[in-house]
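Here is the structure we will look at.
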Protein chains: 2
Amino acid sequence: MNLKELAAELHLSQTTVSRALNGYPEVSEKTREIVLAAAQRFGYRPSPAARRLATGRAHALGVVFNAERNVLMDPLFVEYLAGVAETSAKQGFDILISPSTPSDEIVTFGRLARDGTVDVVILSAPQTVDARISLLSELKFPFVVHGRPPEPAGISYIDIDNFGAFQQATSFLIQLGHRRIMLINGEEHFTFAQDRSRGAAIAFAAAGLPNDMLDEHFMPMTAENAYRSARQALEREERPTAILCGSILVALGVLRAAAELGLEVPRDLSIIAHDDEMPAFPADQFHPQLTTTRSSIRAAGTRVAEMALARVAGQKPGTVAEVWPVQLIVRGSTAAAPERG
Amino acid sequence: MNLKELAAELHLSQTTVSRALNGYPEVSEKTREIVLAAAQRFGYRPSPAARRLATGRAHALGVVFNAERNVLMDPLFVEYLAGVAETSAKQGFDILISPSTPSDEIVTFGRLARDGTVDVVILSAPQTVDARISLLSELKFPFVVHGRPPEPAGISYIDIDNFGAFQQATSFLIQLGHRRIMLINGEEHFTFAQDRSRGAAIAFAAAGLPNDMLDEHFMPMTAENAYRSARQALEREERPTAILCGSILVALGVLRAAAELGLEVPRDLSIIAHDDEMPAFPADQFHPQLTTTRSSIRAAGTRVAEMALARVAGQKPGTVAEVWPVQLIVRGSTAAAPERG
DNA sequence: CTCAACGTTCAAAGCGCTTTGGAGGCTTCG
DNA sequence: CGAAGCCTCCAAAGCGCTTTGAACGTTGAG
């Protein structure tokens with residue numbers, strides 16, 4: 001059943017019926033009720049395609065799915081998507097996943113923006129030089145960012161306090177007597193990796209320690225990469241006594257390296273990992289339970305979707321710039337630094 | 001630039017231009033070339049919304065994202081989605097993710113089918129009694145299944161040989177002298193769990209062993225659940241000497257349980273896990289490296305997307321019914337059963 | 001009593017594309 | 001030479017909705 005038929009059924013014009021259904025004021029309450037009742041009764045559902053054509057708004061929100069990056073980075077993505085999905089569903093917005101390879105990612109964004117298949121896009125994991133942001137800004141296409149844009153002015157974003165988290169974690173380790181600390185960070189070109197790096201550096205500076213005691217490594221945060229780096233570092237004479245891990249997966253690799261070398265955590269090695277709360281890998285289910293800096297990526301997903309929808313509803317870009325605190329949760333993977341041998 | 005303008009520019013009718021662009025035969029090669037060149041030059045891109053309205057086809061493929069289920073089940077989902085995304089992108093199909101909770105999942109499917117926002121839906125993890133399949137069949141809405149439908153007749157699906165995989169794995173363990181074998185399976189209502197169960201049972205029967213030696217547990221396949229079950233079982237007097245794991249995550253939990261109890265793998269306990277090839281957790285990066293039954297969930301994703309697109313292109317349902325073989329890869333987590341104590 | 005103003009409703013014109021039913025020109029064949 | 005047939009192309013009618021501009025009755029002020 002379409003609008004025309006419904007209108008005919010009611011002996012009203014399409015105009016009136018349309019307006020009644022969409023809550024416009026220029027229709028009397030009595031008629032509105034009748035129309036709504038009839039719509040209900042006939043199970044009328046407006047055609048999204050027609051509405052889209054007529055209004056020019058897609059009622060959809062775009063997420064670019066960079067297959068390679070996501071597969072590397074995250075089981076996190078599911079959790080994040082769940083958050084996005086949740087709120088957007090509430091508002092009846094569809095979520096369009098546009099696949100892309102790193103190379104044609106920018107093309108994909110361009111297409112999304114011009115095609116009108118979505119009204120707004122969500123952009124994750126911004127980089128220090130981010131062509132996607134430049135492009136969308138230039139096209140004046142609505143977007144919001146999950147993570148810290150390199151130049152946040154005039155951009156709505158939400159991020160967790162990566163800087164604070166790693167500063168706090170590093171300070172904590174220093175207080176425990178650790179001096180040779182390894183940081184297994186994400187790839188250098190991501191802003192979150194930079195923030196974490198700065199956080200750790202500041203903690204060293206604040207303690208009056210030379211920052212060459214911080215052994216920092218940038219890499220895609222997989223368990224395997226982490227394993228390799230950790231193993232190599234732990235085999236050295238002057239091995240680190242603590243390792244800061246960019247994610248739970250990284251911690252997994254580090255734990256394996258330590259186990260293989262007969263090092264006991266936390267006696268011989270302290271570990272702190274950042275935890276985005278993947279339900280599949282609860283930090284407290286490890287052995288030993290992991291000390292973490294915790295923030296919920298799912299909550300971030302819901303919030304970023306809200307922002308995206310607000311943006312569609314007309315909210316100015318740059319209105320929202322939230323930085324969520326990150327909590328240091330001390331569990332069993334950290335201890336005082338071992339005595340000098 | 002829209003079709004009308006392009007046509008005017010070329011001094012041709014919209015009809016001709018449209019046909020030229022869409023490869024219809026009733027337009028001369030010469031004109032077609034001119035049109036294509038002009039379209040290229042002006043950067044003309046047809047409006048998806050208009051096309052959708054005119055043709056009634058959405059050029060999109062639906063994946064229902066059951067937040068709760070997916071979050072529990074899988075980091076796999078990302079990998080799967082990557083596969084789907086890959087092929088659908090090639091054909092210019094969008095992917096629409098429809099979130100749902102378990103309770104309104106069926107409503108979501110109904111809406112998708114009736115709204116015309118997608119042309120076909122992909123359905124994963126079919127259950128022994130599956131309301132989604134019933135609904136879509138009844139509505140005569142095109143769909144394809146990833147996994148084994150309870151009643152496969154007239155349904156296009158692709159599945160891996162869960163039965164064969166677990167039969168093979170179980171037989172292998174029996175040959176190694178294991179008798180008390182534990183199976184940590186997925187939830188009972190999934191067809192894949194049933195198939196795996198049957199596979200293991202048949203292996204016992206074939207070896208002339210009573211099947212009460214198979215200690216089978218059904219549960220959501222998280223590391224934590226697995227840890228709990230494994231720990232409990234391994235603490236018993238008559239503990240299992242081998243554990244079959246439904247996924248790599250399950251193996252992770254089992255490994256932890258074994259480590260905590262001081263059991264060495266594979267000396268005291270053999271482990272075989274099913275491996276869907278999550279890049280984040282390569283089975284050969286565990287310690288010890290895991291013996292697995294392997295199949296690529298990503299490849300399955302690409303294939304199922306192909307099927308979905310073929311279905312849209314008019315292929316009859318039930319045309320495709322592929323069951324992919326699963327390979328047993330023997331690595332370091334399996335060994336001969338320990339001597340009777 | 002007249003006219004302006006208001007509250008409701010409507011007819012019709014899009015939105016940008018596809019597709020039906022011809023129309024015109026050119027070739028071919030009886 | 002004329003009719004049939006083919007190849008190209010076109011005008012116009014939708015697809016199902018929103019939205020503009022106008023019309024209609026009713027009311028209230030002057």
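In this text the structure is predicted, and so the values were computed from the model without any measurement. Here is how names work: the chains are called A, B, and so on, in the same order as the sequence lines, proteins then strands, and each is numbered from 1.
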Report task. Could you list where the contact with chain B starts and ends along DNA chain C, reading 5' to 3', using a 4.0 Å heavy-atom cut-off? Result -> C:dG16 to C:dG21
Query - Pair B:Phe77 and B:Phe65, ring centroids less than 6.0 Å apart - result: yes
Requested in this report: Return the minimal non-hydrogen interatomic distance between B:Ser134 and B:Asp130, and the atom names on each side.
Outcome: OG-O, 3.0 Å
Report summary line: Expected list for residues 20-36 of chain B near DNA chain D, using heavy atoms below 4.0 Å, is B:Glu26, B:Val27, B:Ser28, B:Thr31
Query - Residue of the set A:Ile122, A:Leu135, A:Leu112, A:Ile155 for which side chain to side chain contact (heavy atoms under 4.5 Å, CB included) holds with A:Phe143 - result: A:Ile155
Query raised in the report: Going by heavy atoms in the side chains, are A:Phe93 and A:Ile95 under 4.5 Å from each other?
Result: no
Report task. Please check if the side chain of A:Asp159 supplies one atom and the backbone of A:Val323 the other of a donor-acceptor pair under 3.5 Å. Result -> no
Query raised in the report: Is the centre of the A:Phe192 ring less than 6.0 Å from the centre of the A:Phe190 ring?
Result: yes
**Report entry** Sequence-distant partners of A:Ser295, side-chain contact (heavy atoms from CB on, under 4.5 Å), two or more places apart
**Finding:** A:Ile160, A:His274, A:Asp276, A:Val326
Report task. Taking the side chain as every heavy atom from C-beta outward, state whether B:Val121 and B:Val63 have any pair of such atoms under 4.5 Å apart. Result -> no
Report summary line: For A:Arg51, the salt bridge (charged side-chain N to carboxylate O under 4.0 Å, His left out) test, sequence neighbours excluded, returns none
Query raised in the report: What is the bend of the helix from C:dC1-D:dG30 to C:dG30-D:dC1 when you compare the axis at one end with the axis at the other, using five pairs each and rounding to 10°?
Result: 60°
Query raised in the report: Given D:dC9, is OP1 or OP2 found less than 4.0 Å from the side-chain N or O atoms of B:Thr16?
Result: no
**Report entry** NZ/NE/NH1/NH2 to OD/OE distance under 4.0 Å, B:Arg132 and B:Glu105
**Finding:** yes
Query raised in the report: What is the distance from atom CG of B:Leu53 to atom CZ of A:Arg52, rounded to the nearest 0.5 Å?
Result: 11.0 Å
**Report entry** Pairwise side-chain contact, B:Glu86 with B:Arg298, heavy-atom cut-off 4.5 Å (strictly under)
**Finding:** yes
Query raised in the report: Looking at residues 40-60 of chain B, who's got a heavy atom less than 4.0 Å off DNA chain D?
Result: B:Leu53, B:Ala54
